[in-house]
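Comments concern the structure below.
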Amino acid sequence: MLKKNQNITDTCSFFNCIEKNLDKAAQFISVDKKLLKQIKLCNSVYRINFPVEIYGKIQVIEAYRVQHSHHKLPCKGGIRYSLKVNQDEIMTLAALMTYKCAIMDIPFGGAKGGIKIDPQKIPVKYLEKITRRYTSELVKKNFIGPGIDVPAPDYGTGEKEMSWIFDTFSSLCPGNIDSMACVTGKPISQGGVRGRKEATGLGVFYGIRELCNLKEEMSFLGLDTGLMGKKIIIQGLGNVGYHAAKFLYKSGAIIVALAEREGAIYNKNGLNVSDVILHLKETGSILNFPGSKNIQKTEKALELECDILIPAALENVINKNNANSIKSKIIGEAANGPITPEAENILEKKGITIIPDIYLNAGGVTVSYFEWIKNLSHIRYGRIEKKFSENINAKFIKIIETICKRKILKKEKDIFLKGADEIDFIYSGLEDTMINGFHTIRDIKNSLNINIRTASYILAINKIIDSYKKLGIFP
Ligand code: GLU
């Protein structure tokens, strides 16, 4: 029976859908039933109502912060602003954060927050008021802090909201030298890390590239190896969808369709993503982009012919009503929970490979982890070692030139002479994390002959069990 405050998917609540994934994975490993129950449950659910004066009138705002798991601390996860926010949704997204962090070896428990507002309809000064009030409610109940719970951007939020959270937290907790680490996704000037903005989209790119580079997987799907020439559809041109599109386009993939709230655009020869964004900025819509065909019903874009479909907006967009019409060979879940379990069964029968959210969109939290470390160490990545490596490399080049008795070309020298900047460390750290995660999951998938989602959940459960056992909580 579905209760009020639950997100209805095909036949179960969003939270129950994720529980089903866990149950499916648990069949392949021996796990104590009580421990599995503890892993599934949300440890703390904080539901807040607070009044805010907007345009001279009092409005009561509904908000949440859910800490799903405390097996590692702090808890970590974004805060979303959307009219669809409800308790079931935030609980589910908090649970996904736990599994995501476990898979990627990020030492955090999962959390999520949400405020039930439409940020596009609220002027910035009121958004600031709401964000600051929400933060002070979190402080009051000890639901935020560098070692307690660290929010980040999510659907409908970004750098400016994270700045307000940081500022409110630090003024309420004066003298806390680590207060910068109370939230991630901040602007660089406020302790943010380079590369955080594009991190989720870049992680999506690395994950899809890894799959496409595998000859065996591609020939099973009847596709060529590599990203070059792959036809891609992206639903949602927010921060995640936009950056994923940009990196995929740059590596030679063909973006045949882009879908937004107002409709979708299609061009079988490919859309130039940067030009689409310019058009969007100028006209306020992606529709009527020169050379492309408009698709009025945006959800129809999901059903077009392509090699890779990337839902990058909200949950449940692929459900039992449209799963049969999906023609893509690969689906990359850039959003959280875009496919319902019923849809997944249909898609599996059709032979579609799904790269699941808990792995594919973990790039955001991975770079948030790097930002948190930067804030706790109070120093930018590369600041100490950059010049040292440049000096050593210059000496090394001189030695090679002497031994080889020839001058090395300037353009070759430049490759070695540049020490790593913060952005180089972040990109390589993210790339390494995504590649390692992919192959660890794939080894489990191949050894048990199961799909990537179930293999990802097995990895997550095993990691969490290990933590509980080593903590001594479960024998
Ligand atoms: N909101 C993002 C997610 O769902 C990022 C969370 C974070 O950086 O903590 O993964």
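We count ligands from 1, going down the list as the structure has it; atoms in each ligand are counted the same way. What you see below is based on every heavy atom in this structure, not just the backbone, and it leaves out hydrogens, waters and symmetry mates. Starting from 1, each residue takes its place in the sequence as its number.
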Does ligand 1 have any N/O pairs with the protein under 3.5 Å, and how far apart?
| residue | atom | partner | partner atom | Å |
| --- | --- | --- | --- | --- |
| ligand 1 | 1 (N) | P153 | O | 2.8 |
| ligand 1 | 1 (N) | D154 | OD1 | 2.7 |
| ligand 1 | 4 (O) | K100 | NZ | 3.1 |
| ligand 1 | 4 (O) | K112 | NZ | 2.9 |
| ligand 1 | 4 (O) | D154 | OD1 | 3.4 |
| ligand 1 | 4 (O) | N336 | ND2 | 3.4 |
| ligand 1 | 8 (O) | R196 | NH2 | 3.0 |
| ligand 1 | 8 (O) | S368 | OG | 2.5 |
| ligand 1 | 9 (O) | K76 | NZ | 2.8 |
| ligand 1 | 10 (O) | K100 | NZ | 2.8 |

Could you walk me through whether E342 and N345 pass side chain to side chain donor-acceptor pair (under 3.5 Å), step by step?
CA-CA 5 Å; E342 283 83 352; N345 290 338; over 6 Å; no
Are any of the side-chain nitrogens in E431 or R209 under 4.0 Å away from the carboxylate oxygens of its partner?
yes
Drop me the distance from Q27's CD to L22's CG, to the nearest 0.5 angstrom.
11.5 Å
Can you tell me how the ring of Y134 sits relative to the ring of F50, calling it parallel under 30°, perpendicular over 60° and tilted otherwise?
tilted
Does the distance from a Lys or Arg side-chain N to an Asp or Glu carboxylate O, for K374 and E422, drop under 4.0 Å?
yes
May I ask you to decide whether D421 forms a salt bridge with K386, counting only side-chain N to carboxylate O separations under 4.0 Å?
yes
